[in-house]
Amino acid sequence: MLDIKLVRQNIQEVEAGLAKRGMHPDMAAFNDADDNRRKILAELESLRHQRNVVSDEIAALKKRGENAEAMVTEMRTVAGRIKELEKEIQTHEAFIDTFMLGLANLPHSSVPEGHDETQNTLVKTEGTPPQFENEAQAHWTIGENLGILDFNRAAAITGARFPLYLGAGARLERALINFMLDVHTRTHGYTEVLPPFIVNRATMTHTGQLPKFEEDLFKLEGWDYFLIPTAEVPVTNIHQSEILSADKLPIYYTAYTPCFRSEAGSYGKDTRGLIRQHQFNKVELVKFVLPETSYNELETLLKDAEAILQRLELPYRVVTLCSGDLGFSAAKTYDIEVWMPAQGVYREISSCSNFEDFQARRANIRFKRKGQKGTELVHTLNGSGLAVGRTLAAILENYQQSDGSVIIPEALRDFMGGEEVLRP
RNA sequence: GGAGAGAUGGCCGAGUCGGCUGAAGGCGCUCGCCUGCUAAGCGAGUGUGGGGGGAAACUUCCACCGAGGGUUCGAAUCCCUCUCUCUCCGCCA
């Protein structure tokens with residue numbers, strides 16, 4: 001959520017910022033509601049003041065055993081008027097709340113302008129794509145030939161877009177999870193957490209998935225609970241409504257969770273393989289930081305995610321998302337894209353974002369500086385470190401051999417019981 | 001699933017028959033004093049959000065005692081609904 005004061009006082013800037021995303025909210029309607037609210041509030045508060053004062057007088061009179069009937073009758077009408085105004089102000093507040101919850105974050109000044117992913121800007125390219133004698137096979141072909149991925153049986157168990165890993169495939173997925181968690185906890189200083197995979201509506205609202213994107217989520221029948229689309233949601237909410245002390249910051253968490261996405265609106269895209277599933281595994285990185293440090297923290301977050309690809313020796317590139325491609329809650333996002341030889345493209349494998357105080361305001365996550373009055377909102381960041389299924393797919397494709405086998409990256413061998421090659 | 005108890009400020013904890021209780025008391029924290037140092041002691045201060053005034057320090061008003069409704073001139077205190085926590089029983093990975 002944006003700061004309502006900022007919106008009030010800088011309507012033009014807010015409009016301009018959101019326009020870069022291609023969004024054009026009705027600021028005039030907001031202005032009207034906001035003005036009306038404050039007009040009513042002034043009257044309401046003075047009536048409440050009157051009520052408080054007179055109620056005290058009534059109490060004093062009664063204590064002395066005197067008659068207070070006249071005042072009581074007078075206050076009866078005041079109380080009635082207060083109730084009317086409260087109802088009136090509520091409609092404006094409901095409108096303002098909905099409006100504010102629907103406003104996306106403002107893009108940071110360093111974010112390139114553009115309206116879709118074709119206008120993202122390249123930051124750097126790392127590693128060299130492997131050369132193959134024959135045509136590179138797609139990971140689903142490799143996986144099915146190795147007998148470690150079975151999409152047909154998964155479809156029978158559940159339906160389309162669910163994975164079934166078998167044997168060394170299941171073990172490789174688990175090895176990747178352990179490898180990533182170990183790197184982040186042991187060398188990058190993150191604390192491992194294992195959160196709930198189901199969260200309530202308030203939690204989902206705090207990080208920005210709700211109220212606008214409910215159709216992207218799986219909701220539990222009969223409950224106001226949702227399956228998490230990313231660990232960002234439960235982990236960022238660990239500190240909801242808390243006042244942290246400044247010397248405890250920064251806080252770094254890493255979590256493995258499965259992620260559940262309805263993938264509404266993506267029919268026909270990536271219909272084969274592990275790229276786009278309703279359920280996938282991800283190791284997530286989440287940071288709570290001091291505002292003045294958040295853009296430096298974004299750079300180190302990106303490095304922490306990149307380190308996984310470097311250790312796995314997978315070729316990748318980093319892009320800065322343009323304003324039109326930026327997620328709802330983010331002020332700035334880097335995507336890391338891994339090389340997928342079969343399709344000859346780079347595919348997103350991590351998304352590292354600074355949300356500034358956007359999520360913190362919704363989730364009411366504040367901090368206090370020592371010796372200073374008042375509280376400030378923390379800045380939150382998160383990034384994938386990494387999407388596990390896509391990493392496994394990238395390994396199958398980049399490490400494939402002409403005989404159908406797949407070499408296991410050296411960094412993973414300790415996690416694979418020393419195995420070096422997957423053979424059919 | 002059954003029975004009961006509870007939810008108050010950074011923490012602990014008091015709130016009687018509804019009325020100077022934004023909230024006693026304690027701890028913690030901050031500043032000052034005292035003291036060879038430390039500890040102890042003494043004094044003062046110390047919630048959040050919102051509206052108005054002020055360049056600012058600050059000031060004034062309103063709201064907030066798990067959440068939401070209700071009763072009342074007036075609710076932390078009474079009533080209803082919900083959520084969560086704890087205890088006992090049952091069931092269970």
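Only heavy atoms go into these numbers, but all of them, side chains included; no hydrogens, no water, no symmetry mates. Below, read A as the first sequence line, B as the second, and so on, with proteins coming before strands; counting in each chain starts at 1.
- Between A:F280 and A:F260, a ring centre-to-centre spacing not shorter than 6.0 Å is recorded.
- Taking a cutoff of 4.0 Å between a charged side-chain nitrogen and a carboxylate oxygen, A:E376 and A:R366 do not qualify as a salt bridge.
- Side-chain atoms of A:T254 do not come within 3.5 Å of backbone N or O of A:E192 as any donor-acceptor pair.
- Identified under the ring-ring contact (aromatic ring centres under 6.0 Å, His included) test for residues 1-34 of chain A, with sequence neighbours left out: A:F30-A:F99.
- For the side chain to side chain contact (heavy atoms under 4.5 Å, CB included) with A:L166, the lone residue among A:L149, A:L146, A:D150 that qualifies is A:D150.
- Taking atom C1' in both B:G26 and B:C80, one finds a spacing of 36 Å when rounded to whole Å.
- The nucleotide B:C91 finds no pairing partner, because no Watson-Crick or G-U wobble arrangement with both distances shorter than 3.5 Å includes it.
- Comparing B:C42 with B:G68, their P atoms are spaced 42 Å from each other, to the whole Å.
- Base pairing of B:U71 is not made with any nucleotide, judged by Watson-Crick or G-U wobble geometry with both donor-acceptor distances under 3.5 Å.
- The distance from atom CG of A:D247 to atom P of B:C29 is 13 Å, rounded to the nearest whole Å.
- Across every strand in view, B:U16 sits unpaired, with no contact that passes the Watson-Crick or G-U test at under 3.5 angstrom.
- B:C20 atom C1' lies 14 Å from atom NE2 of A:H49, rounded to whole Å.
- Ion pairing between a basic and an acidic side chain is recognised when a charged N comes within 4.0 Å of a carboxylate O; A:K219 and A:D224 show such pairing.
- Rounded to an integer number of Å, the gap from A:N200 CG to B:A67 C1' is 13 Å.
- Within the nucleic acid shown, A:K63 has no heavy atom closer than 4.0 Å to any nucleic acid atom.
- Using a 4.0 Å heavy-atom cutoff across all strands shown, A:E376 reaches no nucleic acid atom at all.
- The phosphate of B:U48 (OP1 or OP2) has a side-chain N or O of A:K368 nearer than 4.0 angstrom.
- Centroid-to-centroid, the aromatic rings of A:H278 and A:F218 come within less than 6.0 Å.
- When heavy atoms are screened at a 4.0 angstrom cut-off, A:K83 is found touching the sugar-phosphate backbone but no base atom.
- For B:G10, neither phosphate oxygen OP1 nor OP2 lies less than 4.0 angstrom from any side-chain nitrogen or oxygen of A:K248.
- When both pairing distances are held under 3.5 Å, B:A56 makes no Watson-Crick or G-U pair with any nucleotide shown.
- Of the N and O atoms on the side chains of A:Q359 and A:E232, at least one donor lies less than 3.5 Å from an acceptor on the other residue.
- Partner assigned to B:A40 is none, using Watson-Crick or G-U wobble distances below 3.5 angstrom.
- Of the candidates A:V406, A:V421, A:L422, A:I142, A:V406 is the only one forming a side chain to side chain contact (heavy atoms under 4.5 Å, CB included) with A:Y399.
- Aromatic rings of A:Y252 and A:H184 (six-membered ring for Trp) have centroids beyond the 6.0 Å cut-off, not under it.
- With rounding to whole Å, A:R48 atom CZ is found 16 Å from B:U60 atom C1'.
- Taking the centre of each ring, A:H239 and A:F288 come in below the 6.0 Å mark.
- Taking atom P on both nucleotides, B:C86 is separated from B:U8 by 14 Å, rounded to a whole Å.
- A gap of 16 Å separates the C1' atoms of B:C64 and B:U77, to the nearest Å.
- Side-chain nitrogen and oxygen atoms of A:Q90 include at least one within less than 4.0 Å of the OP1 or OP2 phosphate oxygen of B:G69.
- Pairing of B:G4, defined by two Watson-Crick or G-U wobble distances under 3.5 Å, is identified with B:C86.
- Comparing the C1' positions of B:C33 and B:G18 gives an interatomic distance of 45 Å, to the nearest angstrom.
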Can you give me the N/O atom pairs linking the protein to nucleotides 50-54 of chain B at distances under 3.5 Å, or say none if there are none?
from, atom 1, to, atom 2, distance (Å)
B:G50, N2, A:E45, OE1, 3.3
B:G50, N2, A:E45, OE2, 3.2
B:G51, OP1, A:R8, NH2, 2.6
B:G52, OP1, A:R38, NH1, 3.3

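- Atom CD of A:Q240 and atom C1' of B:A67 are 14 Å apart (whole Å).
- In this structure, CG of A:L61 is placed 17 Å from P of B:G19, rounded to the nearest angstrom.
- Comparing B:G19, B:C62, B:U48 against the side chain of A:R366 picks out B:U48 as the nearest.
- Residue order along RNA chain B, read from the 5' end via each residue's closest nucleotide, puts A:D56 first among A:D56 and A:Q50.
- Across the protein-nucleic acid pair, A:I365 atom CD1 and B:U48 atom C1' stand 16 Å apart, rounded to whole Å.
- Only the C1' atoms considered, B:G6 is 27 Å distant from B:G19, to the nearest whole Å.
- Across all strands shown, B:G49 forms a Watson-Crick or G-U wobble pair, both distances under 3.5 Å, with B:C62.
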Heteroatom pairs (N/O) under 3.5 angstrom, protein to nucleotides 75-78 of chain B:
none

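- Between the P atoms of B:C11 and B:C29, the separation comes to 15 Å (whole Å).
- Put simply, the side chain of A:T205 gets close to the backbone of A:R201: a donor and an acceptor are under 3.5 Å apart.
- Backbone-only contact: A:T375 has heavy atoms under 4.0 Å from sugar-phosphate atoms and none from a base.
- As rounded to the nearest Å, B:C78 and B:U16 have P atoms that lie 8 Å from one another.
- If you take NZ of A:K87 and P of B:G69, they are 11 Å apart, rounded to a whole angstrom.
- In this structure, B:G22 forms no base pair with any nucleotide, since neither Watson-Crick nor G-U wobble geometry is met with both distances under 3.5 Å.
- At least one side-chain nitrogen or oxygen of A:N52 sits closer than 4.0 Å to the OP1 or OP2 atom of B:C62.
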